[in-house]
Amino acid sequence: MTVDRRWQISLRVLALGYLALLLLVPVALIFYRTFEHGVGAVWDSITTPAAIHAFQLTLEVTAIAVPLNTLFGIVMAVALARGEWRGKGLVNAVIDLPFAISPVVIGLSLILVYGTRGWLGGALADAGVQVIFSVPGIVLATIFVSLPFVVREVTPVLKEVGDEQEQAAATLGAGGWTTFRRITLPSIRWGVAYGVVLSVARCIGEFGAVSVVSGKIAGQTETLTLLVEKRFGNFDLAGAYAASALLALIALATLLAMTAIPGRSPDDLRPSGTVSRRRFATRDVRRSIAAPSHRVRRPASTIRRHTTRAHRETDPPRREEGDT
Amino acid sequence: MSALAVTARSARRSHTGALGLGVATLYLSVIVLLPLSAVLVRSLDGGVGAFWDAVSSRQAVAALRFTLLVSLATAAINVAGGTLIAWVLVRDRFPGKRIVNALIDLPFALPTIVAGLVLLTLYGPRSPFGIDLAYTQSAVLLALLFVTLPFVIRSVQPVLIELDREMEEAALSLGARNATIFRRIVLPNLVPAILSGAALAFARAVGEFGSVVLISGNIPFRTQVGSVYVFKLIESDAPVSAAAVSTVLLLVSLAVLLGIRALGHWGARHDR
Amino acid sequence: MILVERVTKRFGDYVALDDVSLSVPDGSLTALLGPSGSGKSTLLRIIGGLESPDVGSVTIHGEDQTSVAPQRRGIGFVFQHYAAFKHMTVRDNVAFGLAVRKRPKAEIASRVDELLEIVGLAGYQTRYPSQLSGGQRQRMALARALAVEPRVLLLDEPFGALDAKVRADLREWLRKLHDEVHVTTLLVTHDQEEAMSIADQIAVMDHSRIEQVGTPRELYDRPETPFVMRFLGPVTQLGDALVRPHDIALSVEPRAGSFEAQVARVVHLGFEVRTELVLGDGQELAVQLTRGEADELELAVGDIVHVRSTVLPRALATRAPEADALSA
C-alpha cells in the first residue's frame with residue numbers, strides 16, 4: 001500500500017505530535033526543571049545522606065534481584081524451550097503474572113505472607129527476621145516485579161536458534177554442561193543481556209510494590225523512587241526533580257543499552273518489510289504473553305541475518321516441515 | 001520433532017535437568033504463587049460477608065468502575081494511536097527515526113513515579129502551556145496513556161514489518177484503493193497484534209499505581225483508581241478489605257491474561 | 001559395520017519406524033533413500049543416538065550402542081542445515097570435538113589445518129560461518145565431523161539446503177572424499193539421482209519400513225516392489241506391468257505379445273525422443289527412444305504402431321498389492 005505524499009506527511013505529523021506531547025516534552029521538562037536553579041543546587045540535593053543512602057539501597061536491591069532472576073530465567077527458559085514436561089503450560093502462565101498484576105497488590109501479597117500478622121510473619125519474627133518494613137521485603141518485592149524479563153527474553157531466542165547446534169556438539173563428544181557453556185550460552189548471550197538490562201531498569205524504577213512494603217524509613221528503607229515521592233510530598237520540588245533526573249538518566253542509559261545490543265539495532269528498522277524480527281524480541285516479551293506460538297517458527301533467514309548477501313543465493317530459507 | 005529429540009536426550013541427563021527445573025519452579029512458587037495465594041485466601045479471612053462488604057462499598061465500586069472505564073479508554077486510544085505510530089515507524093522514512101523508535105520504550109524504562117511527577121509538572125498547576133489537568137479524570141487517562149504507550153506499538157511493529165508487501169501490491173493491481181487495502185488487507189493481518197497489545201495496555205492500566213498516585217489527587221468517587229484505593233486500605237490497616245479488592249483486580253488481570261492467550265492461539269491459527 | 005535390528009520408534013500415535021533392520025558394511029557409502037516422512041531421518045538419528053528406539057537395537061562395530069549417549073558413540077553427524085556454531089570461527093568449529101576431548105593444542109591445530117586442506121577450506125581458518133557460502137559451511141561441518149575420526153559418518157540430507165549446482169558439485173566431492181577416507185558412511189536423501197550417483201548401496205524406505213536394499217543397479221533393474229520401481233526412475237504402464245519407458249520397443253508390424261497403439265505426441269529432446277502413445281483401451285503410455293530409432297520408424301502423430309516390453313514383464317501389481325495401494 002503506497003500512501004501518497006500528502007497522507008504520508010500528515011500521518012507522520014500526527015504520530016510524531018502525539019509522541020512529542022506525551023513523551024518528549026515531559027522528559028525534556030524534567031531536566032529543565034532540575035537545572036533551572038543551577039547545577040550546584042542539584043548536586044547538593046542528590047548528595048544529602050538520605051539521597052546517597054537511597055541510591056545505595058536501590059543498587060543493593062538490584063544487585064540481589066537481578067542475578068537471582070537471571071539464573072532463574074536461564075534455567076526456566078531452557079526448560080520451556082527444550083523440554084516437554086507436565087505443568088509447563090501452567091508455569092508459563094504463572095511467569096507472566098508479575099507483568100499483569102498491580103504493584104500495590106504485589107506489595108499487599110507480601111504483607112499477607114511476611115507481615116506481623118502474615119502466614120510466615122510470626123515464625124520469622126520469632127527467629128528475629130523482619131521482612132516487611134525492612135530491606136528483605138523490598139528485595140522480595142523487587143524480585144517479584146522483575147521476575148519475567150530474562151525468561152521472556154531468552155525463551156524465544158532459544159527457540160529461534162533451535163537445538164541443532166546442541167545436537168551437533170553432542171555428536172562431537174561434548175557433555176551436557178560443556179554443550180551448555182560453549183554452545184547454548186554464547187548463542188543466547190544477547191538475549192540474556194537484553195533481559196538483564198530490562199530487569200535492572202525495572203528494579204531501579206519500581207515504586208508501587210516497594211512503597212507498600214518498605215515503611216519508608218529515611219536512611220534505612222528508602223529507595224530512590226520513594227525519595228522522589230517523599231520530597232514531592234514535603235514540597236521539596238527541586239529535590240524531587242533532582243532525584244527524578246537521576247532516575248531519568250538511568251532510564252535513558254537503559255534505552256541506550258537496549259539499542260546497543262547487537263541484533264537489536266534500529267538499523268534493522270527499515271520500511272522494506274524483509275527485515276529481522278529479532279529486534280523486537282523484547283516487545284515479544286509482551287507479545288509472548290499474547291501469542292506464544294507466533295514466534296516459535298521463524299524463517300531461518302532471521303537467524304542468519306548476518307550472512308553476506310553474496311552467499312545468500314546458495315542458502316535458501318530453511319524448510320519448515322522437516323523430514324520425520 | 002526436535003522437541004521430542006531433546007526429550008529423548010534429556011532422559012539421559014535427567015537428574016541435572018530435573019533438579020534445575022525443580023529449583024526454578026520452587027523459586028517461582030515462593031516468589032509469585034505463595035504471596036498471590038495469600039491474597040486470595042486471606043481476602044476471605046472475615047468470611048464471605050466481609051468480602052462482599054469490602055468490594056461492594058460505595059467507594060470500592062466507584063474506584064473499580066472508574067479504573068475499568070479509564071483503562072478501557074486507554075486501550076481504545078492506544079489501538080488508534082499505537083497502530084498509527086507503528087505504521088509511521090515502519091513504513092515512513094524521516095530523519096531521526098532511529099531515535100524516535102528507541103524513545104518509544106521510554107515509558108518502560110522510566111520509573112512510574114518520575115512519569116507521574118513529570119506529567120504533573122507539565123499538565124498541572126504550574127503547567128508551561130497553561131493546561132491544568134491536575135486531580136481530574138483526564139489526568140489519570142493521560143498518565144495511563146503515557147505508561148502504556150509502547151504496548152500496541154511494539155506488538156504491531158514486527159507484524160507490520162513482516163507483512164507481505166506483495167499482498168498489498170496484488171490488491172493494488174486488482175484495483176483496490178488505499179483505504180480499501182488498509183481495511184481489507186492490512187488491518188485484518190494486524191488485528192491479533194493490535195488486540196493483544198491493547199489487552200496488555202488494559203491490564204497494565206488496571207494495575208497502574210506510581211504514575212497515577214500524584215496526578216490523580218486520589219479524590220474518592222472521582223479520580224481514585226483501584227490500586228490507589230487498595231493502597232489507602234493497606235495504610236489504614238485494613239489488609240483483609242485490601243485483599244478483597246485486590247482479588248477483584250487479580251481476577252481482572254487473570255481474565256486478561258487468559259484472553260490474550262486465547263487470542264494468541266487464534267492469531268497463530270490465523271497465520272496459517 | 002552398523003547393524004540395526006528390528007527397530008521400532010513411535011512419536012505419540014505416529015509410527016516413524018516399523019520393525020526396521022539394516023546392515024551397513026564397513027567402508028561403504030550407503031544411502032537411505034525415501035520420500036519425506038518415510039522415516040529415514042529418524043533411522044539415522046537413532047543410529048547417531050539423537051533419538052532412542054522404543055524397540056530394537058543398534059550395533060556399531062560389534063558393540064551394542066542402543067543406550068549409549070551420542071557423545072560416546074564415536075560417530076560424526078552432519079546436519080541438513082549445517083548446525084554451524086555461529087559464534088565460533090571455522091577453526092574453532094572444526095577443533096570443537098578435539099577440544100572437548102582435551103587433545104594437545106598443537107595436535108588440534110595441525111589436525112584442523114589438515115582437514116581444512118582436505119575439504120578445500122584452507123585459509124578460511126579465521127572466518128565465521130556467516131562469512132561462508134552454504135556449500136562452504138557444509139564442507140566445514142564435514143571437516144568438523146571427521147576431525148574426531150568417527151567410526152561412522154552419518155549425513156542427514158547434507159545437500160538438501162543447497163541449490164542444484166552446488167549440490168551436484170558437493171555430491172561428486174563427497175564421493176571422492178569417501179574414496180580417500182573410507183569411513184563407513186550413511187547418507188539420508190530424498191533425491192534418487194543423488195543416491196544412485198554416489199552410493200555403493202541404497203536402502204529404499206517408505207512408510208516407516210525398508211522396502212529394499214541393494215546396489216543402485218540392482219534396485220533399478222530388479223525392483224522388488226512397485227514403490228521402488230517408481231521411486232528409482234520413470235515408469236509407464238503396459239498392460240498389467242510397470243515398465244521403464246526405455247524398455248519398450250516400437251515396431252510397425254505386430255510382434256508376439258505386442259499391443260496396438262496410436263502416436264499422440266512426439267517430443268524431440270536431442271538424442272532422446274519422447275513419444276506419448278494411446279493404447280487401444282485408452283491407456284496412455286510413454287516411450288523413450290533414441291533419435292536413430294525414431295527416425296527409422298518415421299513416427300508421426302496419428303500413426304498406428306505396435307509396442308512391447310523388451311525386458312521380462314514383471315507382474316508387479318499382483319505381487320504386492322497392499323504396498324501398491326499404500327504408495328498410490
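Note that these values count all heavy atoms, side chains included, but never hydrogens, waters or copies made by symmetry. By convention in this document, chain letters (A, B, ...) are assigned in the order of the sequence lines, proteins followed by strands, and residues within each chain are numbered from 1.
- Counting heavy-atom pairs closer than 4.5 Å to chain A, the top residue among Gly48(C), Ala84(C), Gly76(C) is Ala84(C).
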(message) Run Phe85(C) and Tyr128(C) through ring pair (Phe, Tyr, Trp, His ring centres under 6.0 Å) and show every step you take.
(response) CA-CA 9 Å; Phe85(C) 301 143; Tyr128(C) 282 88; over 10 Å; no
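- In terms of heavy-atom pairs under 4.5 angstrom with chain A, the leader among Arg72(C), Met88(C), Lys165(C), His87(C) is His87(C).
- The most heavy-atom pairs under 4.5 Å with chain A, out of Leu17(C), Ile75(C), Val148(C), come from Ile75(C).
- Using a 4.5 Å cut-off between heavy atoms, Ala141(C) makes no contact with chain A at all.
- Side chains of Val183(C) and Val152(C) form no contact here, defined as non-hydrogen atoms less than 4.5 Å apart.
- Within 6.0 Å of the CZ atom in Arg181(A), the count of heavy atoms belonging to other residues, nucleotides or ligands exceeds 12.
- Gln125(C) and Thr89(C) share no donor-acceptor pair across their side chains, judged by distance under 3.5 Å alone.
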(request) Evaluate the criterion side-chain hydrogen bond (donor to acceptor under 3.5 Å, both in side chains) for residue pair Thr189(C) and Asp191(C); output intermediate values, then yes/no. (result) CA-CA 5 Å; Thr189(C) 179; Asp191(C) 179 344; 5.3 Å; no
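- When heavy atoms are compared at a cutoff of 4.5 Å, Arg189(A) approaches chain C solely by way of its side chain, counted from C-beta outward.
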